[in-house]
Amino acid sequence: MARRALITGITGQDGSYLAEWLLSQGYEVWGLARGQANPRVSRVRKLLQDVQLVRGDLLDQGSLISAVEKVQPDEVYNLGAISFVPMSWEQAELTAEVTGMGVLRMLEAIRVCSGISSSRTAGSGQIRFYQASSSEMFGQVRETPQSETTPFHPRSPYGVAKAYGHFLTQNYRESYGMYAVSGILFNHESPRRGAEFVTRKVSLGVARIKLGLAAELRLGNMEARRDWGYAGDYVRAMHLMLQAGAPEDYVIGTGRTHSVRELVEAAFSAADLDWERYVVCDQSLHRPAEVDLLCADPKKARVQLGWEPTVSFEELVAMMVESDVKLLSSGGDPDQDSSWP
Ligand code: NAP
Ligand code: GDD
């Protein structure tokens with residue numbers, strides 16, 4: 001029988017790539033979709049026709065229990081979150097509820113549906129759980145590169161909420177013997193990335209300028225450095241983590257870091273444009289507390305899981321610019337169905 005996976009965050013970037021990867025591996029894939037008339041659900045239905053949807057919300061404990069009861073998954077991937085860091089200052093409580101407490105509700109749904117308690121721990125054949133932890137937890141980094149043993153110092157309400165989910169996942173593993181793991185993933189991008197994140201904002205900005213649809217691109221902190229990889233590579237790592245003999249946490253990244261300035265240079269040059277003519281630094285886009293530098297040490301994943309990234313930073317940037325030029329030249333709207341190649 002096909003293994004069954006339940007993915008929260010199915011309408012997001014990673015949910016789409018993970019669903020495609022699991023379908024290619026012979027899985028029956030279910031996605032948790034929220035809302036009465038969520039416009040992003042139709043995009044999923046169009047792109048991922050073989051994915052089945054179940055209604056639920058990370059804010060609603062009962063809906064998660066019902067979803068797990070209905071789907072009877074072998075593996076649960078908790079990708080759902082408020083994931084845009086600046087929004088976490090504007091709606092800190094909501095971020096805590098969805099990104100932090102949502103992990104508790106998902107773990108509880110699995111625990112209750114599996115009949116696990118303090119006197120009855122998980123046995124073989126249990127549901128395996130993946131939590132989407134984040135390099136934002138490292139925040140003001142204590143060492144570079146960052147590994148599984150680097151202490152956390154989150155710099156945003158989002159990072160704090162992720163740290164809660166991370167420790168809770170570890171705690172359910174230790175308290176109940178659950179197969180629950182966290183992937184500490186560094187920034188990963190693609191042509192399906194939300195337009196609010198800097199890589200996509202830049203690739204869309206370059207495409208608009210190239211096509212004469214805009215005259216400038218406004219950005220915040222150009223000196224921040226990130227370890228940017230390709231989302232399609234990172235979802236393979238999520239799957240590998242749940243196939244390992246024992247549940248453990250892993251850092252996933254490329255081990256290379258670039259500044260926003262370098263990203264901008266690469267993206268404009270991919271379209272034969274001189275970035276200095278178009279980019280405007282806007283102080284209002286700076287964050288209340290910044291994460292200046294992230295760089296992964298992915299050695300454990302390479303050695304224990306055999307995971308390696310396949311797309312370089314330069315290839316990723318060129319892929320995103322090319323995709324957005326194509327999208328906008330054909331009259332596509334980045335917020336609509338057509339935006340997912
Ligand atoms: P994304 O594109 O922003 O997707 C977020 C998903 O969460 C969407 O499907 C959204 O669904 C869902 N969601 C929001 N509120 C929800 C709620 N109350 N109940 C259920 N689902 C809800 O994020 P992503 O880039 O794919 O990232 C996936 C996960 O990995 C996130 O947890 C993110 O924090 C984490 N992460 C991402 C990166 C990265 O670089 N991409 C790195 C480290 C960790 P709607 O369509 O209904 O809003
Ligand atoms: N979004 C955005 N917009 N970021 C900008 C801009 C701008 O105009 N100008 C400069 N930046 C800088 C930000 O200050 C930050 O230092 C960096 O670009 C990256 O910003 P984002 O692309 O928004 O990503 P993030 O690093 O804050 O968060 C992403 O990666 C995390 C993993 O480290 C998100 O995907 C999180 O959900 C994820 O956990």
Ignoring hydrogens and geometry beyond distance, is a side-chain donor-acceptor pair present between [X] and [Y] at under 3.5 Å?
X      : Y      : answer
Arg192 : Ser16  : yes
Gln126 : Ser114 : no
Asn78  : Thr8   : yes
Asp14  : His188 : yes
Gln61  : Arg105 : no

- Determine the sole option in Tyr130, Tyr234, Tyr250, Tyr27 for which the ring-ring contact (aromatic ring centres under 6.0 Å, His included) test with His239 is passed.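 So the option named by the test is Tyr27.
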
Minimum side-chain heavy-atom gap [X]-[Y] below 4.5 Å:
X      : Y      : answer
Leu6   : Tyr77  : no
Pro154 : Glu136 : no
Arg128 : Met178 : no
Met238 : Met241 : no
Thr144 : Gln146 : yes
Asp233 : Val311 : yes
Arg55  : Arg34  : no
Ile10  : Leu32  : no

Hey, any chance [X] and [Y] share a hydrophobic cluster, counting ILVMFWY side chains that come within less than 4.5 Å of each other, even indirectly?
X      : Y      : value
Met319 : Trp21  : yes
Leu294 : Trp228 : no
Val68  : Val71  : yes
Leu53  : Leu58  : no

Interatomic spacing from [atom1] in [X] to [atom2] in [Y] - rounded to 0.5 Å:
X      : Y      : atom1 : atom2 : answer
Ser133 : Ile252 : OG    : CD1   : 12.0 Å
Leu293 : Arg225 : CG    : CZ    : 7.0 Å
Leu263 : Glu189 : CG    : CD    : 8.5 Å
Phe129 : Ser182 : CZ    : OG    : 7.5 Å
Leu327 : Met320 : CG    : CE    : 12.0 Å
Gln91  : Glu93  : CD    : CD    : 10.0 Å

Examine distances only and state if a side-chain atom of [X] and a backbone atom of [Y] form a donor-acceptor pair shorter than 3.5 Å.
X      : Y      : result
Ser88  : Ser156 : no
Ser42  : Pro39  : yes
Lys326 : Val321 : no
Lys162 : Ala132 : yes
Glu174 : Asn171 : no
Ser312 : Glu315 : yes
Arg40  : Thr11  : yes
Asp227 : Gly253 : no

- Message: One pair to check against side chain to side chain contact (heavy atoms under 4.5 Å, CB included): Trp307 and Arg302. What are the steps and the verdict?
- Response: CA-CA 5 Å; Trp307 179 82; Arg302 188 173 62 242; over 6 Å; no

- Message: Regarding Glu28 and Arg3, does a basic nitrogen lie under 4.0 Å from an acidic carboxylate oxygen?
- Response: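 Arg3 and Glu28: not salt-bridged.
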
- Item | Residues Glu248 and Arg173 bridged, charged N to O under 4.0 Å |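 Judged by the 4.0 Å cut-off on N to carboxylate O distance, Glu248 and Arg173 do not form a salt bridge.
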
The criterion is ring-ring contact (aromatic ring centres under 6.0 Å, His included); which residues satisfy it with [X], sequence neighbours excluded?
X      : answer
Trp30  : none
Tyr158 : none
Tyr176 : Tyr172

- Please assess Ser203 against Val317 for the test side chain to side chain contact (heavy atoms under 4.5 Å, CB included), listing each intermediate value before the final yes or no. CA-CA 8 Å; Ser203 64; Val317 174; over 6 Å; no

- Query: Between Arg200 and Phe197, is NZ or CZ placed under 6.0 angstrom from the six-membered ring centre and within 45° of the ring axis?
  - Reply: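 Not flagged: Arg200 not positioned over aromatic ring of Phe197.
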
- Does Arg226 make a cation-pi contact with Phe186, if we ask for NZ or CZ under 6.0 Å from the ring centre and within 45° of the axis?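 Ring-cation test returns no.
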
- Task: Using the test side-chain contact (heavy atoms from CB on, under 4.5 Å), find all partners of Ala92 that sit at least two apart in sequence or belong to another chain.
- Result: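 In terms of side-chain contact (heavy atoms from CB on, under 4.5 Å), with neighbours along the sequence ignored, Ala92 is linked to Pro157.
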
- Taking only residues two or more places apart in sequence, or in another chain, which ones meet Asp60 in a side-chain contact (heavy atoms from CB on, under 4.5 Å)?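 side-chain contact (heavy atoms from CB on, under 4.5 Å) list for Asp60, sorted by chain: Asp57, Ser63.
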
- Query: How does the hydrophobic cluster around Met1 look, that is, which other residues are in it when side-chain heavy atoms under 4.5 Å mark a link?
  - Reply: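 Reading the cluster by chain and number, Met1 sits alone, since nothing else belongs.
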
- Task: Evaluate side chain to side chain contact (heavy atoms under 4.5 Å, CB included) for Tyr230 paired with Val235, printing each intermediate quantity in order.
- Result: CA-CA 9 Å; Tyr230 172 55; Val235 299; over 6 Å; no

Within the supplied structure, the quantity of interest is the number of heavy atoms (other residues, nucleotides, ligands) at a distance under 6.0 Å from [X] [atom1]; does it exceed 12?
X      : atom1 : answer
Lys201 : NZ    : yes
Glu290 : CD    : yes
Arg218 : CZ    : yes

- Item | side chain to side chain contact (heavy atoms under 4.5 Å, CB included) assessment of Ser135 paired with Asn187 | CA-CA 8 Å; Ser135 52; Asn187 299 49; 4.0 Å; yes

- Message: Could you walk me through whether Glu75 and Gln243 satisfy the side-chain hydrogen bond (donor to acceptor under 3.5 Å, both in side chains) test, starting with their C-alpha distance in whole Å, then the side-chain angles of each, then the deciding distance to 0.1 Å, before giving a yes or no?
- Response: CA-CA 10 Å; Glu75 298 171 9; Gln243 314 314 307; 3.1 Å; yes

- Message: Quick one, Glu223 with Ser259, criterion side-chain hydrogen bond (donor to acceptor under 3.5 Å, both in side chains). Give me CA distance, side-chain angles, the key distance, then yes/no.
- Response: CA-CA 5 Å; Glu223 307 316 322; Ser259 65; 5.2 Å; no

